[in-house]
Amino acid sequence: MIRTYRALLVAQIQAASQYRVQSILWMLFSVIRPVIFLAAWVAVANSQGGQIGAYDVRDFAAYYICLSLVSNLTMSWNAYDFEFEVRMGRLSPKLLRPLHPIHYSVVENLVWKLTTIIPLAIVLVFVAITFDARFRTTPMHLLLFVPSVLLAAALAFLSGWVLATLAFWTTRVHAVSTFWDRAAFIFAGQIAPLALLPGPLQTIALALPFGYILGVPAEILRGGVTIPTALQLMAGQVVWVVIFYFAFQRVWRVGVRQYSAVGA
Amino acid sequence: MTDAVVDVRELRKTFRVTEREEGLAATLRSFVKRHRKDVNAVAGITFRIGPGEVVGFLGPNGAGKTTTLKMLSGLLHPSAGEASVLGYVPWRRENAYLGRMTLLMGNRTQLVWDIPAADSFRVLQEIYRIPEGQFRSTVNELTELLELQELVHKPVRNLSLGERMKVEFAAGLIHSPSVAFLDEPTIGLDISMQVRIRRFVAEYNRRTGATVLLTSHYMDDVVALCKRVIVIHRGRLLYDGPLADLAERMAPYKIITATLHDGAASSTDLDAYGTVVSREEGRVTLRVDRQVAPERTGRLVNDLGSRLADISVEDPPIEEVIDRVFTSEQTTVSA
Ligand SMILES: Nc1ncnc2c1ncn2[C@@H]1O[C@H](COP(=O)(O)OP(=O)(O)OP(=O)(O)O)[C@@H](O)[C@H]1O
Ligand SMILES: [Mg+2]
């Protein structure tokens with residue numbers, strides 16, 4: 001399996017190198033949103049004496065920088081690709097080979113992240129300086145961040161595949177994933193750090209998977225939660241990864257029987 | 001034939017399609033109740049193929065050939081019936097099965113467009129876990145047979161249709177499958193490329209003993225490669241037997257061609273001998289019932305005497321036979 005991954009990686013890096021510019025532009029585009037939110041929160045905080053809850057202007061900056069990084073590291077766009085592959089019959093050659101189609105997508109995903117991580121880091125350092133971000137990160141936070149972001153990436157990837165697999169039944173996956181993205185917008189920590197959501201919304205957010213993909217690893221990286229809280233949140237991540245792992249297996253097994261292999 | 005490589009019993013596939021009606025009223029209605037229609041793409045077919053056979057799978061557009069091949073290669077789950085290929089149930093898609101089978105479609109691509117085929121071959125080597133030595137020799141052999149030398153180093157998107165098809169063939173056979181399903185492998189290729197692909201399939205079958213099930217609308221492919229054909233129409237089996245017998249079973253007539261010395265064929269009345277199909281300068285083509293062909297030929301030779309320069313008795317062209325099969329509603333015939 002390691003050899004297979006290595007071969008796929010080499011081929012994908014080669015293929016992706018032709019789209020490097022597009023990848024980087026897309027990455028830059030994905031940073032715009034958090035920066036807009038950051039600017040908005042900075043404005044609000046300044047109008048209220050520089051502090052909202054436990055966050056001052058410099059905390060907001062650190063939070064949205066961490067969020068951008070996590071967002072990039074956990075990005076998964078399967079639902080969109082996969083629906084296209086199913087509709088156009090592109091899935092067929094992959095299904096005919098003795099390797100689960102998910103692996104091609106893992107590799108594509110990894111390569112995209114490898115291509116964009118360095119330019120993204122440069123942009124984020126620039127933002128950090130501009131907004132004078134303050135990180136409360138301890139070495140222990142950094143240590144926990146690594147497994148936490150990996151869990152988040154796995155969760156994003158698996159939940160993305162569960163959504164993608166719906167393409168076996170419907171051609172409206174797009175609508176479902178738009179709904180999913182809207183929910184993530186509120187509950188993942190994009191519109192505001194989870195800690196600043198009003199009480200009931202916060203409870204809902206912690207019961208849903210979205211926050212475990214973005215907000216949780218971002219706060220761990222920023223040092224915005226205590227170590228015990230971080231561990232607790234990571235336990236939540238593990239639970240969601242397990243749930244989506246089994247959900248994926250089930251949905252895939254049933255769904256692939258529906259596949260109509262369109263296209264001559 | 002207990003050692004059949006492909007064993008298909010009463011295989012069926014029904015597609016359920018949603019009918020989209022036009023007009024606003026119909027669209028609104030479709031929110032409440034969708035009109036579904038069943039398409040019986042494959043309506044219960046049974047056949048077996050032995051090891052090393054090259055079988056032609058024929059039928060008009062929409063007969064269900066591709067659907068059958070997709071089921072046999074594991075892409076589609078059948079609605080009913082059974083199949084076993086190399087002892088596996090195809091649609092379980094066990095890795096052991098996938099590693100010994102290939103489905104090649106003339107109008108689909110499975111290579112990555114952005115990289116040269118040689119790099120795709122490397123990926124396939126790892127996916128199929130092909131040992132280095134075997135990989136090298138297979139690639140060399142395919143390169144030689146298909147004349148791929150330069151092609152494999154160009155990005156696939158830069159290849160012509162014919163070149164790409166050759167490379168697709170190599171990619172599809174890189175794991176030396178023992179069963180190959182070929183769906184219109186020569187579609188869209190020029191005559192000389194068709195001939196090369198044909199030769200390649202024959203050679204591949206000879207060298208490896210692989211079992212091949214092939215569809216094509218080009219009868220030349222079938223004549224060149226298949227001793228046996230299976231004919232389906234509207235999802236049902238019409239004929240399964242030697243290609244040579246197809247004409248005899250399906251077209252109960254022969255074609256007699258008589259060439260006359262004096263070039264006066266147009267003035268000679270030959271209607272008494274059979275149905276005149278064509279009449280050119282010095283040459284008359286007649287269609288006669290199969291049973292009476294020898295007798296009519298004898299009479300022609302006798303009656304025309306020395307005016308006759310040449311005479312031949314043949315089965316009708318294969319295209320014509322096939323066309324007859326599809327236009328007439330015949331019941332199942334197997335040889
Ligand atoms: N995914 C699908 N959904 C609905 N109907 C389908 C689907 N695939 C095939 N069909 C229908 O099933 C029938 C058989 O199609 P199939 O592609 O097997 O024919 P074929 O023999 O390969 O024809 P051709 O020679 O044109 O390639 C056709 O009527 C086709 O419209
Ligand atoms: Mg077809």
Side-chain angles (χ1 to χ4, degrees), chain A residues 1-23 81 85-108 111-112 115 168-172 249 252-264, chain B residues 13 15-18 41 61 65-67 69-71 73-78 90-91 93-116 118-129 155-157 168 171-172 175 177 181 183-184 187 215:
Chain A
M1 195 48 115
I2 290 170
R3 289 178 55 113
T4 311
Y5 260 81
R6 202 176 54 197
L8 280 170
L9 267 173
V10 170
Q12 182 60 31
I13 287 170
Q14 222 186 324
S17 65
Q18 303 181 25
Y19 302 105
R20 200 170 357 181
V21 176
Q22 282 105 306
S23 298
D81 278 5
E85 290 200 338
V86 167
R87 198 150 31 90
M88 306 301 286
R90 295 268 184 87
L91 183 62
S92 300
K94 293 184 182 170
L95 279 178
L96 288 171
R97 292 183 205 133
L99 182 70
H100 195 292
I102 199 168
H103 297 297
Y104 303 93
S105 149
V106 171
V107 170
E108 279 169 33
V111 170
W112 189 79
T115 325
F168 285 131
W169 288 276
T170 169
T171 49
R172 305 222 168 83
Q249 288 217 320
W252 177 264
R253 215 178 6 245
V254 181
V256 86
R257 302 184 58 130
Q258 305 276 325
Y259 181 54
S260 60
V262 286
Chain B
K13 181 70 192 184
F15 289 108
R16 176 149 284 196
V17 290
T18 312
N61 290 133
K65 305 179 295 295
T66 301
T67 306
L69 295 190
K70 281 177 182 167
M71 287 191 279
S73 56
L75 274 183
L76 281 179
H77 278 251
W91 42 91
R93 286 212 318 279
E94 290 162 69
N95 285 349
Y97 175 57
L98 298 178
R100 294 182 60 194
M101 176 279 310
T102 199
L103 170 68
L104 267 166
M105 297 189 162
N107 47 5
R108 302 299 284 188
T109 177
Q110 54 166 330
L111 291 162
V112 182
W113 282 61
D114 299 318
I115 60 175
D119 296 312
S120 286
F121 293 171
R122 278 287 168 195
V123 174
L124 292 173
Q125 178 192 4
E126 297 304 337
I127 290 178
Y128 288 103
R129 292 162 206 275
V156 172
R157 65 165 73 255
E168 292 280 348
H175 56 295
F181 301 110
D183 195 15
E184 306 192 36
I187 192 167
T215 82

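Chain A is the first sequence line, chain B the second, and so forth, proteins listed ahead of strands; every chain is numbered from 1.
- With a 4.5 angstrom heavy-atom cutoff, A:Val10 does not touch chain B via any of its atoms.
- Interface summary for chain B: among A:Ala7, A:Pro98, A:Ala16, the most heavy-atom pairs under 4.5 angstrom belong to A:Pro98.
- Note that CG of B:Asp119 is 11.0 Å distant from CG of B:Leu124, once rounded to the nearest 0.5 Å.
- By number of non-hydrogen pairs under 4.5 angstrom with chain A, the leading residue of B:Leu103, B:Asn95, B:Val112, B:Thr102 is B:Asn95.
- Counting only N and O atoms by type, the side chains of A:Ser92 and A:Tyr259 include a donor and acceptor under 3.5 Å apart.
- For B:Arg157, the part sitting under 4.5 Å from any heavy atom of chain A is the side chain, from C-beta outward, and nothing else.
- Interface remark: A:Gln18 contributes side-chain atoms only to the contact with chain B (heavy atom separation under 4.5 Å).
- Here CG of B:Leu69 is found 9.5 Å from CD of B:Glu184. Values are rounded to the nearest 0.5 Å.
- Here B:Ile127 contributes atom CD1 and B:Arg122 contributes atom CZ; the two are 13.5 Å apart, rounded to the nearest 0.5 Å.
- Ranking B:Val123, B:Leu76, B:Leu75 against chain A, the residue ahead of the rest is B:Leu75, based on heavy-atom pairs under 4.5 Å.
- For A:Arg6, no part lies near chain B; criterion is any non-hydrogen pair under 4.5 Å.
- Heavy-atom pairs under 4.5 Å with chain B peak, among A:Leu8, A:Thr4, A:Val256, A:Leu91, at A:Thr4.
- B:Trp91 CH2 to A:Leu95 CG: the interatomic distance, rounded to the nearest 0.5 Å, is 15.5 Å.
- Taking the side chain as every heavy atom from C-beta outward, B:Val156 and B:Ile115 never approach each other to under 4.5 Å.
- Looking at B:Tyr97, there are no atoms closer than 4.5 Å to chain A (heavy atoms on both sides), in backbone or side chain.
- Here the CD1-CE distance, from B:Ile187 to B:Met105, works out to 11.5 Å after rounding to the nearest 0.5 Å.
- In plain terms, the two heavy atoms of B:Ser120 and B:Leu111 that are nearest each other are CB-CD2, 3.8 Å.
- Neither the backbone nor the side chain of A:Tyr5 comes within contact range of chain B; no heavy atom of the residue lies under 4.5 Å from a heavy atom of that chain.
- Proximity to chain A (any heavy atom under 4.5 Å) is shown, for B:Thr67, by neither the backbone nor the side chain.
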